[in-house]
Amino acid sequence: MTALSANLQAVRARIESACLRAGRDPAEVRLLAVSKTFPADAVVEAAAEGQRAFGENYVQEGCAKVEQLAALGLEWHFIGPLQSNKSRLVATHFDWVHSVDRLKIAQRLSEQRASHHAPLNICIQVNVSGEASKSGVAPGELIELARAVSLLPQLRLRGLMAIPEPTEDEGLLRSRFALLRTLRDQLNETFALGLDTLSMGMSADLDLAIAEGATVVRIGTAIFGTRTPLTESTP
């Protein structure tokens, strides 16, 4: 058994245990393997172990993997900050975008998603911790953005995403995750949007996220190991 295979098994077991502690069905939580900065060979190895969904933060790196591994029929999620000048590449290559936080980006993705492709699955990123340096729409501005995004053609609004501030305070983290769940539920109750996705929880805090209702956990380090930072240039 390779290290990556063992890591995948350990993460899946951790997700199952967290679900059982929370009284949830493990089938309700999807594992998104964050493969950013890791080579395509690592994705191939994870795919051989049954992993189908992969997350990328950098547009050019992610698109290259999507093209290189097209024959594997994987599901690709863009989870990083998205600049307007790179939206066409994401609209063309990816199945999901988790990091929409302004209408302009959503409109460009809608316009640039080809009609012969299935609608692009969208999560709105919410700044649940109120950090000035953190991407995401403010909770108080979410309703207006969600309504506008839900009306765009070639997009399907699926839910919300958040990246809380790093902290050892488990109670604070749980409150951030709980806020995202509450916001999702409020949108569904008010506008009947049918949002089914809460993208929250990473290697360090997936257990707490699952306890608060996560349906997608974004795990990189615990699967692939320590990564080398990559800075993507702007063309």
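Just so it is clear, the model here is predicted, and its values are computed rather than measured.
- Phe177 pairs by the ring pair (Phe, Tyr, Trp, His ring centres under 6.0 Å) definition with nothing, not counting sequence neighbours.
- To the nearest 0.5 angstrom, Trp96 atom CH2 is 13.0 Å from Ile79 atom CD1.
- No donor-acceptor contact under 3.5 angstrom links the side chains of Gln112 and Thr92, judged on distance only.
- For Arg30 and Glu75, the salt-bridge test passes: some basic side-chain N is under 4.0 Å from an acidic carboxylate O.
- Remark: Cys123 SG to Arg184 CZ distance equals 10.5 Å, nearest 0.5 Å.
- A distance of 10.5 Å separates CG in Leu4 from CD in Gln9, rounded to the nearest 0.5 Å.
- Not a single donor-acceptor pair under 3.5 Å links the side chain of Glu111 to the backbone N or O of Arg113.
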Practice problem: Using the side chain to side chain contact (heavy atoms under 4.5 Å, CB included) rule, take Thr190 and Ile143 through it: C-alpha gap first, then chi angles, then the decisive distance, then the call. | Solution: CA-CA 9 Å; Thr190 305; Ile143 288 179; 5.8 Å; no
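- Closest approach of Ser35 and Phe224 over heavy atoms only: CA-CE1, 3.8 Å.
- Across all their heavy atoms, Ala148 and Leu103 have their closest contact at CB-CD1, 3.7 Å.
- Panel note: side chain Ser175, backbone Leu172; a donor-acceptor pair is recorded below 3.5 Å.
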Practice problem: List the steps and the verdict of side-chain hydrogen bond (donor to acceptor under 3.5 Å, both in side chains) for Thr2 and Glu45. | Solution: CA-CA 9 Å; Thr2 65; Glu45 185 177 352; 2.5 Å; yes
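- Pairs of residues two or more places apart, or lying in two chains, never qualify as salt bridge (charged side-chain N to carboxylate O under 4.0 Å, His left out) while including a residue from residues 93-105.
- Between Ser99 and Pro81, the closest heavy-atom pair is OG-N, 4.5 Å.
- Between Leu155 and Pro119, every side-chain heavy-atom pair lies at or beyond the 4.5 Å cut-off.
- Here the side chain of Arg108 pairs a donor or acceptor atom with the backbone of Ser84 at under 3.5 angstrom.
- In this structure, Phe38 is not a member of the same hydrophobic cluster as Val34, with clusters built from ILVMFWY side-chain heavy atoms closer than 4.5 Å.
- By the criterion of side-chain heavy atoms lying less than 4.5 angstrom apart, applied directly or through intervening Ile, Leu, Val, Met, Phe, Trp or Tyr residues, Ile122 is not grouped with Leu32; the two fall into different hydrophobic clusters.
- Note that CD1 of Ile105 is 13.0 Å distant from CD1 of Ile124, once rounded to the nearest 0.5 Å.
- Rounding to the nearest 0.5 angstrom, the gap separating the CG atom in Leu31 from the CD1 atom in Ile15 is 4.5 Å.
- Nearest heavy-atom pair across Thr226 and Thr221 is N-CG2, 4.3 Å.
- Distance alone, capped at 3.5 Å, places no donor-acceptor pair between the Ser110 side chain and the Leu152 backbone.
- Val100 and Ala106 get closest at one heavy-atom pair: CG1-CB, 4.0 Å.
- Of the N and O atoms on the side chains of His77 and Glu56, not one donor lies less than 3.5 Å from an acceptor on the other residue.
- Of the charged side-chain nitrogens involved, at least one lies within less than 4.0 Å of a carboxylate oxygen, so that Glu165 and Arg176 count as a salt-bridged pair.
- Cluster annotation: Tyr58 and Met161 are assigned to distinct hydrophobic clusters (Ile/Leu/Val/Met/Phe/Trp/Tyr, side-chain heavy-atom contacts under 4.5 Å, transitive).
- Note that CG of Asn127 is 11.5 Å distant from CG of Leu142, once rounded to the nearest 0.5 Å.
- Residues Trp76 and Leu69 are in side-chain contact: their nearest non-hydrogen atoms beyond the backbone lie under 4.5 Å apart.
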Quiz item: Going through the checks in order, is the side chain to side chain contact (heavy atoms under 4.5 Å, CB included) test met by Arg24 and Thr215?
Solution: CA-CA 11 Å; Arg24 299 183 60 193; Thr215 64; 4.3 Å; yes
Quiz prompt | Step-by-step side chain to side chain contact (heavy atoms under 4.5 Å, CB included) determination, Leu82 to Val90 | solution = CA-CA 9 Å; Leu82 180 55; Val90 171; 3.6 Å; yes
With a 3.5 Å cut-off and sequence neighbours excluded, list the donor-acceptor pairs that the side chains of residues 134-141 form with protein atoms.
residue : atom : partner : partner atom : Å
Lys134  : NZ   : Glu131  : OE2          : 2.7
Lys134  : NZ   : Ile163  : O            : 2.6

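- Under the 4.5 Å side-chain contact rule for hydrophobic residues, Leu157 and Leu109 share a cluster.
- Lys65 approaches Ala40 most closely through the heavy-atom pair CE-N, 4.5 Å.
- Taking hydrophobic clusters as Ile, Leu, Val, Met, Phe, Trp and Tyr residues chained together by side-chain heavy-atom distances below 4.5 Å, Leu160 does not share a cluster with Leu151.
- Identified under the side-chain hydrogen bond (donor to acceptor under 3.5 Å, both in side chains) test for residues 114-125, with sequence neighbours left out: Asn121-Arg158.
- At a threshold of 4.0 Å, the pair Arg12-Glu16 does not count as salt-bridged, since none of the basic side-chain nitrogens sits closer than that to a carboxylate oxygen.
- Other residues, nucleotides and ligands contribute only 12 or fewer heavy atoms inside 6.0 Å of the CD atom of Glu170.
- Taking the side-chain hydrogen bond (donor to acceptor under 3.5 Å, both in side chains) definition, one finds that Gln68 meets it with nothing, sequence neighbours left out.
- Surrounding CZ of Arg52 are more than 12 heavy atoms belonging to other residues, nucleotides or ligands, all under 6.0 Å away.
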Self-check item: Stepwise side chain to side chain contact (heavy atoms under 4.5 Å, CB included) test for Val216 and Leu198
Solution: CA-CA 6 Å; Val216 176; Leu198 287 175; over 6 Å; no
Check residues 199-212 and write down every donor-acceptor pair under 3.5 Å in which the side-chain atom is one partner and the other belongs to a residue at least two apart or another chain.
residue : atom : partner : partner atom : Å
Ser199  : OG   : His98   : ND1          : 2.8
Ser199  : OG   : Arg218  : NH1          : 2.9
Ser203  : OG   : Ala222  : N            : 3.2
Asp205  : OD1  : Met202  : N            : 2.6
Asp207  : OD1  : Arg14   : NE           : 2.9
Asp207  : OD1  : Arg14   : NH2          : 2.7
Asp207  : OD2  : Arg21   : NH2          : 3.2
Glu212  : OE1  : Arg181  : NH1          : 2.6
Glu212  : OE2  : Arg174  : NE           : 2.8
Glu212  : OE2  : Arg174  : NH2          : 2.8

